[in-house]
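In listed order, ligands and their atoms are each counted from 1. Keep in mind the model is a prediction, meaning the values are calculated, not measured.
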Amino acid sequence: MSKPALYYATLSPPSRAVLLTAKAIGLDLELRPINLLNGEHLTPEFLKLNPQHTIPTLIDGEATIIDSHAICAYLVEKYGQKEQQLYPKDLVQRANVDARLHLDSGHLFARLRFLYEPILYYGSTDCSIDKIAYIQKCWEILEGFLKDQPYLCGSDLTIADFCAVATVTSVNDVAPIDEFKFPKVHAWLKRLAELPYYQEVNGDGADELKSIFKAKLAENRGK
Ligand SMILES: N[C@@H](CCC(=O)N[C@@H](CS)C(=O)NCC(=O)O)C(=O)O
């Protein structure tokens with residue numbers, strides 16, 4: 001059977017969350033890069049696969065699965081037999097992981113996108129203090145979840161940590177995380193960064209996205 005294929009970009013935080021998950025379960029994916037800045041996600045072929053025109057998009061046999069959170073859960077369930085703690089089977093534990101995945105989807109990544117998208121794609125110069133403060137509100141929420149536990153859902157690493165860390169590390173220079181106010185978030189970031197595959201799979205892409213964002217903002221301001 002052929003291996004699952006992933007449409008992705010290393011610049012894309014949700015794509016990196018899927019790549020972190022695949023590494024954690026030792027799954028080999030066929031990687032199909034998509035250049036969003038060139039509009040490769042808007043071709044008729046890609047729209048046929050995913051009318052929402054987002055990456056990551058996974059093809060596994062006959063199935064097409066979109067949304068990083070859904071993909072991470074699917075991959076652990078199907079291919080991560082030995083790593084089930086990444087997406088626990090226990091109903092309550094799983095509900096907690098799902099809740100943190102929705103936190104990433106509905107708050108963390110949504111706020112990053114609200115700031116980044118107009119600047120990266122539409123020539124905007126709006127990097128207002130309001131948008132930054134709105135992202136930084138999320139640091140308080142994360143600190144709350146991490147108060148008494150090393151990971152977002154308890155003592156075990158889960159896919160919620162992968163999804164959230166990919167987003168947070170993609171925006172934590174324009175929306176800095178105060179180390180004195182948010183020591184637990186800092187410790188969590190450090191913990192995740194210690195994973196042997198972290199830098200290659202997430203760190204480099206996150207740094208590149210932050211640089212491109214800054215360069216694009218400067219370019220738009222100079223126009
Ligand atoms: N909730 C989705 C968000 C995916 C998403 O917005 N990806 C961005 C790249 S980081 C994208 O594909 N943007 C292109 C578009 O929306 O047209 C997920 O987690 O996969």
Side-chain angles (χ1 to χ4, degrees), residues 4-24 27 29 31-60 63-78 86-87 97-124 131 134-135 138 142 152 158-175 201-217:
L6 185 73
Y7 290 92
Y8 82 110
T10 48
L11 289 181
S12 149
S15 297
R16 281 185 262 113
V18 172
L19 294 172
L20 284 168
T21 301
K23 273 281 180 208
L27 175 68
L29 294 169
L31 294 176
R32 299 184 182 171
I34 287 282
N35 187 329
L36 294 174
L37 297 170
N38 290 347
E40 287 175 13
H41 58 310
L42 299 173
T43 61
E45 298 76 39
F46 194 76
L47 287 173
K48 215 166 145 192
L49 278 178
N50 176 358
Q52 200 180 325
H53 46 79
T54 51
I55 50 169
T57 294
L58 183 87
I59 311 293
D60 190 18
T64 301
I65 301 181
I66 64 169
D67 192 282
S68 58
H69 311 88
I71 296 170
C72 291
Y74 171 86
L75 290 180
V76 174
E77 190 77 31
K78 182 161 178 192
L86 287 169
Y87 192 54
V97 176
D98 288 338
R100 292 311 96 73
L101 294 175
H102 286 292
L103 172 69
D104 179 55
S105 199
H107 295 261
L108 301 173
F109 183 73
R111 295 179 198 195
L112 172 151
R113 206 177 147 147
F114 187 50
L115 173 69
Y116 274 26
E117 189 173 279
I119 290 166
L120 289 176
Y121 298 106
Y122 306 119
S124 167
K131 282 190 174 180
Y134 195 42
I135 294 171
C138 292
L142 291 178
L152 288 176
T158 69
I159 56 172
D161 295 291
F162 289 151
C163 291
V165 83
T167 304
V168 173
T169 54
S170 297
V171 74
N172 58 344
D173 58 353
V174 65
V201 177
N202 184 62
D204 294 346
D207 290 345
E208 199 188 343
L209 177 60
K210 289 186 283 201
S211 312
I212 289 178
F213 172 77
K214 279 187 270 186
K216 205 79 182 148
L217 180 60

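Of the inter-residue distances, the one linking L36 atom CG with Y121 atom OH reads 4.0 Å to the nearest 0.5 angstrom.
Contacts of ligand 1 (protein heavy-atom distance under 4.0 Å) are S12, P13, P14, L36, H41, H53, T54, I55, P56, D67, S68, H69, F109, R113.
Listed for the N38 side chain is no donor-acceptor partner under 3.5 Å among the backbone atoms of E40.
Partner of L6 under the side-chain contact (heavy atoms from CB on, under 4.5 Å) criterion, out of I59, V18, D60: V18 alone.
Residues passing the side-chain hydrogen bond (donor to acceptor under 3.5 Å, both in side chains) test with T21: none are found, sequence neighbours excluded.
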N/O donor-acceptor pairs under 3.5 Å from side chains in residues 163-170, not counting sequence neighbours:
unit_1	atom_1	unit_2	atom_2	d
T167	OG1	D104	OD1	2.7
T167	OG1	C163	O	3.2
T169	OG1	V165	O	2.6
T169	OG1	N202	ND2	3.0
S170	OG	R16	NH1	3.2
S170	OG	R16	NH2	3.0
S170	OG	A166	O	2.7

Donor-acceptor pairs under 3.5 angstrom involving side-chain atoms of residues 105-113: please list them, not counting sequence neighbours.
unit_1	atom_1	unit_2	atom_2	d
H107	ND1	R111	NH2	3.0
R111	NH1	Y134	O	2.8
R113	NE	E117	OE1	2.7
R113	NH2	E117	OE1	2.5

